[in-house]
> 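Please find one structure pasted underneath; my questions will follow.
For the numbers below, each heavy atom of this structure counts, side chains included, while hydrogens, waters and symmetry mates do not. Owing to the predicted nature of the structure, the values given are computational and were not obtained by experimental measurement.
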Amino acid sequence: MEKDFQRILDRMTKAGLDVDKMPRRDFVKVAAGMVGLSATLAACGGSGGNSGPALQQWYHQYGEAGTQQAVFKYAKGYTKANVKVQWTAGDFGTKLSAALVAPGGGPDIYEGGPSLAAVKANQITDLSDLYTPDVKSDYTDTILNSLTVNGKIYGVKMVTDTGVLYYRKSMLQKAGVQPPTTFDEVIAAAKQLTSGNVKGIFVGNDGGIGALQGLALWSAGHGNDFIVNNKIAFDNDRTALAFTKMRELAKSNAVLLGSPTDWFDPSAFTQGLAAMQWTGLWAMPAIIKALGDDFDVVPWPALDSQGIPTTFLGGWAEMVNGKSKYIDQAKAFVKWLWIDNVADQQDFNLDYGFHVPPRKSIAAKATKLQSGPAAKAVQYLDQYARYTSPLWDANMATALNNAVSNIVKNGADAKTEVHNAAQQANAELQKILS
């Protein structure tokens, strides 16, 4: 064990990390990532075999059956490089972060979302030249803006995800409940729908701290956001009210806790453990299979009459590592798969779960998304979707998450917690911008 620990220390030091000055939480996270990285690479299988340079491509572990086989198939179909796919189980973010700072610099191609921190660390490459006028016009401004840092586009969107509040039509009808349109109506409906072994709503096993904090913040109104014009934009009474409503919901005894799976999996909803559940569009095929047409969807409701309905612009973008030895070849592969290759984009977005193809021309042909609840979800995505700024980083997220947790779990004063989180986030933001 002692030798293993020393090897980890050596790797972190070689990666340029000052382990003596590193906060304990960060040390544990990076060290754990390096341990996980070793195990991941030991189990790595190749899907290449073609001629040309060897390119490493990393994916996180998608939940839908068939996706792993699909990405190996795509890589094999590319003839200009030997693309070796790494399907990364577990904490993808920690393992990827460890790989990007380790000797060798990590994979050539990986999925995620652009950030200013990654630009400064040379962990992503400017892909603006892949966007000819015809290509650029085939994406919405929202998608392009979410990939842009300092005027340059650093990713190509692979899948677009969004979330909706699913509800059982028969359960609401029996209870005489209308689909909620405000946060107070969510709380009232959840209470009224709670009966016997059925809870009114499921928003995650943490009571919604993770899944709802961004939605609650956005639902307070158009001006509410994480960062606007390079400034923290949530230090206000509306945000405090939204997080107070999160606590009210969590303490209502109408929220399902202890589900075998978390909010991103529809099992709690399909098994009848909750009458409503916040989860993703990706879960809809499984819900249709289990419930037929006995469900419908709404966006996350407005905070109140002054607020707005909301959802998230999610999904993944493909990015090229700025430290790759084969940047041009990696960019060519990304263009081939995620811009030019219509068939595989349709396959990955629609044949396993439901995602919205990022290209407008491909989305327009997605017949599975053109009727029923799926069409509503796409409409909500177009109307209400929000995304976090590329300036928002993990340290800021931790500050806000701690504040929301303290409000929801401990009943801490919401205005004080929001203000303190904003102060911490602003200090971090100034470091990034300097």
> One pair to check against side chain to side chain donor-acceptor pair (under 3.5 Å): Asp393 and Ser115. What are the steps and the verdict?
CA-CA 8 Å; Asp393 72 3; Ser115 69; over 6 Å; no
> Name the one of Phe183, Tyr380, Tyr166 that satisfies ring pair (Phe, Tyr, Trp, His ring centres under 6.0 Å) with Trp300?
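One option only clears the test, and that one is Phe183.
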> Just wondering, are more than 12 heavy atoms of other shown residues or ligands nearer than 6.0 Å to NZ in Lys169?
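Counting other residues, nucleotides and ligands, NZ of Lys169 exceeds 12 neighbours.
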> Any side-chain to backbone donor/acceptor pair from Gln68 onto Tyr62? Under 3.5 Å, distance only.
no
> Is a side-chain N or O of Thr270 found less than 3.5 angstrom from the main chain of Ile287, in a donor-acceptor match?
no
> With a 3.5 Å distance limit and no angle check, can you tell me whether Asp262 reaches the backbone of Phe264 through a side-chain donor-acceptor pair?
no
> Is there a donor-acceptor contact under 3.5 Å linking the side chains of Ser267 and Asp265?
yes
> Keeping Gln379 on the side-chain end and Ala375 on the backbone end, is there a donor-acceptor pair under 3.5 Å?
no
> Go through the steps for Gln178 and Glu185 under the test side chain to side chain donor-acceptor pair (under 3.5 Å), then give the verdict.
CA-CA 9 Å; Gln178 294 298 314; Glu185 289 180 8; over 6 Å; no
> Count the heavy atoms of every other residue, nucleotide or ligand shown that sit under 6.0 Å from NZ of Lys365, and state whether that count exceeds 12.
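Not buried by this count: 12 neighbours or fewer within 6.0 Å.
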> Where the side chain of Ser405 meets the backbone of Asn401, is there a donor-acceptor pair that is under 3.5 Å apart?
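A pair under 3.5 Å: no.
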> If you count every heavy atom of other residues, nucleotides or ligands that lies below 6.0 Å from Asn229 atom CG, does the total exceed 12?
no
> Does atom NZ of Lys323 have more than 12 heavy-atom neighbours, drawn from other residues, nucleotides or ligands, at distances under 6.0 Å?
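Yes - once you tally the heavy atoms of other residues, nucleotides and ligands closer than 6.0 Å, there are more than 12.
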> With a sphere of 6.0 Å drawn around NZ of Lys120, does it hold more than 12 non-hydrogen atoms of other residues, nucleotides or ligands?
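Correct, the count exceeds 12.
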> Looking at Ala422, is its backbone amide N or carbonyl O close enough to the side chain of Asn426 to form a donor-acceptor pair, meaning the two atoms are under 3.5 Å apart?
no
> Is it the case that the side chain of Ser219 and the backbone of Ala216 share a donor-acceptor pair, with hydrogens and angles ignored and the cut-off at 3.5 Å?
yes
> Give the minimum heavy-atom separation between Tyr131 and Leu144, together with the two atoms involved.
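The pair with the smallest heavy-atom distance is CE2-CD2, 3.8 Å.
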> Checking side chain to side chain donor-acceptor pair (under 3.5 Å) between Trp218 and each of Thr239, Thr388, Thr310, Asp225, which is the one that passes?
Asp225
> Go through the side-chain N and O atoms of Tyr74 and Asp347 and say whether any donor and acceptor fall under 3.5 Å apart.
yes
